[in-house]
Amino acid sequence: MATGPEQWRVFEDARPRLFALAYRLLGSASDAEDAVQDTALRFHAADREALRTPQAWLTRVLTNVCLNRLTSARSRRERYVGPWLPEPVDTTRADLGPLENAAQRESVSMAVLVLLERLTPPERAVFVLREAFGYSHREIAELLRLSETNCQQLYHRARGHVTAGRARFAASAEHGQQLARRFLAAARGGDIDALRELLAADVVVWADGGGMASAARRPVRGAERVARYLSWMSREQPGLRVVVTELNGQPGLVAVVEEHVLLAVVLEPGPDRITGIKIVANPDKLAFLSTQLL
């Protein structure tokens, strides 16, 4: 293997893919950046000339770093104030890698990332490597130092949990953006009737303030209750602007005040109405999104 600066080019070439993998494993952009940095330090300390397949080595180390972080994160999230949601990421950019097919887009959706929280760390690793990155069971077994049979069992168990917990509807980008604009107009205009018409009867809102920002501590369910709950979005605030974009592969809104991201809203579109809404107001979870947009 090459030495000196060329070695680090190997790492820098791998960095975007490592970040995309770490985000899917951790559901946190800030934690993903830390995991990539930990991997860089281990790469620096390794005998790099002895690495036959540096890309596989980096993937294995990064995955193990994330698995260790998942174990400690689980206990922290049990003490989390209110619902926990992943950190939103603007997917009009390429930070999470290619999102060219339904499986890749679904792997970064808020709904799937929340469902992945139910899995054990090994189940989550196998599922993400297989679904989002297309690794074979044999390759995953080599990366995780498990048997191929064990990987297949972990994958089928994980896929069963995720599939059972989500509704499948692949909205086109155009359909999603139209819903987002109509939602924004109704919400900002305080038009409760128009807002109610955009919502599925069993729509659910999840809000993540983390105890650091005002947010509902429990999910709000039903079109009538959700429409009235969202009436706060019509309040005027000096300097407020709302950007319609794509967050985690789905239509989203980002509220910005004085070049500061105030909150992010992710909409889950159904065939003709919005079936779910995820609101992230915890300022710690908006830092990465701020670097993307501002």
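Worth saying up front: this structure is predicted, and the values here are computed from it rather than measured.
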So, R24 side chain and L96 main chain: donor-acceptor pair closer than 3.5 Å or not?
yes
State whether the side chain of H137 and the backbone N or O of R130 hold a donor-acceptor pair below 3.5 Å, judged by distance alone.
no
Any luck finding a side-chain donor-acceptor pair between R17 and Q55 under 3.5 Å?
yes
Return the orientation label for the W232 and Y229 ring planes: parallel under 30°, perpendicular over 60°, tilted otherwise.
perpendicular
Is it the case that the side chain of E123 and the backbone of T120 share a donor-acceptor pair, with hydrogens and angles ignored and the cut-off at 3.5 Å?
yes
Under 3.5 Å, is there a donor-acceptor pair between the side chain of E258 and the main chain of G239?
no
Quick check: closest heavy atoms across A125 and L144, and the distance to 0.1 Å?
CB-CD1, 4.3 Å
Distance (rounded to the nearest 0.5 Å) between L85 CG and L113 CG
10.0 Å
With the 4.5 Å side-chain cut-off for hydrophobic clustering, are L293 and V265 part of the same group?
no
Run the numbers on L267 and Q250 for side chain to side chain contact (heavy atoms under 4.5 Å, CB included), then give the verdict.
CA-CA 7 Å; L267 305 176; Q250 295 179 303; over 6 Å; no
Counting N and O atoms only, with roles assigned by atom type, does the side chain of S109 sit under 3.5 Å from a partner on the main chain of V112, one being a donor and the other an acceptor?
yes
Go through I277 and L230 one step at a time and tell me if the side chain to side chain contact (heavy atoms under 4.5 Å, CB included) criterion holds.
CA-CA 10 Å; I277 302 172; L230 294 174; 3.9 Å; yes
What's the verdict on side chain to side chain contact (heavy atoms under 4.5 Å, CB included) for H161 and R118, showing C-alpha distance, side-chain angles and the deciding distance?
CA-CA 8 Å; H161 284 306; R118 302 178 184 179; 5.6 Å; no
Distance from L115 atom CG to R124 atom CZ, nearest 0.5 Å?
10.0 Å
Run the numbers on R69 and D38 for salt bridge (charged side-chain N to carboxylate O under 4.0 Å, His left out), then give the verdict.
CA-CA 11 Å; R69 285 178 172 267; D38 284 351; 3.2 Å; yes
Shared ILVMFWY cluster between V126 and V108, side chains joined below 4.5 angstrom?
yes
Mind telling me whether F43 and F11 have parallel, tilted or perpendicular rings, with 30° and 60° as the class edges?
parallel
Within the distance-only criterion (no hydrogens, no angle test), does the side chain of T92 pair as donor or acceptor with the backbone N or O of E246 below 3.5 angstrom?
no
With no hydrogens and no angle check, just 3.5 Å: does a side-chain donor-acceptor pair link Y155 and E131?
yes
Does either side chain, that of S234 or that of R188, offer a donor lying less than 3.5 Å from an acceptor on the other one?
no
Evaluate the side chain to side chain donor-acceptor pair (under 3.5 Å) criterion for residues S28 and E87: first the C-alpha distance (whole Å), next the side-chain angles of each, then the deciding distance (0.1 Å), finally the verdict.
CA-CA 5 Å; S28 164; E87 291 184 15; 2.9 Å; yes
Do the side chains of R60 and E142 get close enough for a salt bridge, i.e. N-O under 4.0 angstrom?
no
Exam field: side chain N150 to backbone L146, donor-acceptor pair closer than 3.5 Å
no
So which of N248, D95, D31 actually passes side chain to side chain donor-acceptor pair (under 3.5 Å) with Y23?
N248
When rounded to the nearest 0.5 angstrom, what distance separates CG in L62 from CZ in R42?
10.0 Å
Within 6.0 Å of CD in E174, more than 12 heavy atoms from elsewhere
no
Do the side chain of R273 and the main chain of L198 share a donor and acceptor less than 3.5 angstrom apart?
no
Main-chain N/O of A227 paired with S231 side-chain donor or acceptor, under 3.5 Å:
no
Is there a donor-acceptor contact under 3.5 Å from the side chain of R105 to the main chain of G249?
yes
